[in-house]
Amino acid sequence: MAFRKLKAAILSGVAVTATALPAVADVNILYLSDMSGPTSVLTGESSQRAIEMAIDDFGGEVNGEKIVLNVADHLSKPDVGLGIAREWVDKDKVDLLFSVDQSAVALAVSDLVRDKNIAYVHGASSTALTNEKCGPNQVQMLMDSYGLSRAITIPLIEAGRKKWYYITVDYAFGQDVQAKGEDAIKEAGGEFLGASKHSPQTTDFSAFLLEAKSKGAETIGLATFGAWQVAIAKQVQEFGLDIPLAPYFLGDTDIKAAGLDSFQNVESAIQFYWDQNDKTREFSKRYQERYSRPPTFTNAMHYEFITHYLKAMKELGKKDATEVVKKMREMPIQMINGDTATIREDGRTMRPMYSYITKTPQESTGDWDFMKITGKIDADKIAPPLSDSKCPLVKG
């Protein structure tokens with residue numbers, strides 16, 4: 001389609017501009033994402049297709065202005081992501097800085113854009129982004145680590161799985177998830193037995209798994225994701241360990257990569273599941289016409305938030321970022337499954353999560369039929385209280 005232009009690509013950390021920077025009159029979205037690294041399966045190209053789908057559904061323009069999607073790879077490196085964002089911000093050629101799906105990168109970019117008239121909707125989970133690092137035009141799209149820990153950890157402890165050991169990716173996201181998980185374990189009367197931290201280069205998790213077993217763990221909390229999570233699940237199966245996993249960021253793509261038999265007896269919570277109801281199935285059918293599989297929860301939220309951003313702009317009749325984000329906070333977000341969400345004053349998205357259990361291979365009816373949704377966890381039950389907020393935007 002004519003309106004969809006790939007303006008920038010990032011190769012080996014160097015910006016390569018395919019054409020001149022976009023015109024000021026366009027509505028310019030910079031999708032700054034991990035396009036090639038550990039989170040790219042959940043976001044990357046697959047979420048780019050969801051963004052394009054939202055733009056297509058909007059007719060390719062808003063208020064008579066063409067919507068232009070620009071794509072760049074931050075390589076999961078804060079300095080690279082910050083450099084790309086600065087180039088676009090300094091030239092005043094971006095209206096929405098979108099996704100930034102890695103906490104360390106998102107935190108670095110937050111400092112850059114906090115006082116700029118640019119909308120910043122990020123897909124990182126660090127609670128700092130809605131606390132001391134919050135900003136007036138900043139919105140946290142994905143569930144934060146506080147909400148993840150409460151929605152996943154507390155119900156399992158209440159069901160009797162009290163002794164926890166963590167395997168944690170050793171950067172901002174993993175550290176924050178583990179810290180919030182420890183708090184939730186203590187609150188629910190469980191026992192934190194310890195943790196092993198792994199670098200992004202780790203491929204062998206056997207020592208960590210044996211440590212969890214030796215300490216008597218009843219659950220292994222996975223404060224990690226993607227390829228690392230897949231490797232852990234496979235190694236649990238290889239060693240014949242009977243300790244259930246509690247992943248905080250499990251996507252359908254992880255189960256597909258490891259095999260459903262590697263993710264048995266997993267009870268957790270998720271923000272979107274493609275087979276939840278008729279509305280999610282209809283959306284997933286349309287999405288799968290563009291991409292080779294059903295959408296992950298991250299893909300779905302990229303669609304929801306681009307749509308919400310464009311609706312707010314249309315409602316206002318202009319694209320001033322400060323006013324658009326204010327309107328986004330005022331309007332309910334229409335979720336794909338029929339529920340609604342809102343954006344709190346600290347930038348946190350107040351949305352429910354959905355508990356699930358993984359199916360057995362015998363229960364599964366197809367390649368992507370992996371989960372059974374078992375319940376709904378209301379947003380206010382998993383949100384940090386505003387009274388504890390360090391965000392300067394929170395009144396009082």
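- Under the disulfide bond (SG atoms under 2.5 Å apart) criterion, no residue pair touches residues 268-364, with sequence neighbours excluded.
- A salt bridge is absent between Asp183 and Lys180: the closest approach of a Lys/Arg side-chain nitrogen to an acidic carboxylate oxygen does not fall below 4.0 angstrom.
- Residues that satisfy the ring pair (Phe, Tyr, Trp, His ring centres under 6.0 Å) test with Phe249, not counting sequence neighbours, are Phe173, Phe297.
- A salt bridge between Lys186 and Glu191 is absent, with no side-chain N of the basic residue lying under 4.0 Å from a carboxylate O of the acidic one.
- In this structure, His302 and Phe98 have perpendicular ring planes: the angle between them is above 60°, well past the 30° mark.
- The ring pair (Phe, Tyr, Trp, His ring centres under 6.0 Å) test applied to Phe370 returns Trp368, not counting sequence neighbours.
- Scored by the salt bridge (charged side-chain N to carboxylate O under 4.0 Å, His left out) test, Glu211 finds Lys215 as partners (sequence neighbours excluded).
- With sequence neighbours left out, Phe283 forms a ring pair (Phe, Tyr, Trp, His ring centres under 6.0 Å) with Tyr303.
- In terms of the ring pair (Phe, Tyr, Trp, His ring centres under 6.0 Å) criterion, residue partners of His122 (sequence neighbours excluded) are, by chain and number, Tyr120.
- Using a distance-only test at 3.5 Å, with no hydrogens or angles considered, a donor-acceptor pair links the side chain of Asn337 to the main chain of Asp339.
- Between His198 and Phe205, the ring centre distance stays below 6.0 Å.
- Between Tyr31 and Gly44, the closest heavy-atom pair is OH-O, 2.8 Å.
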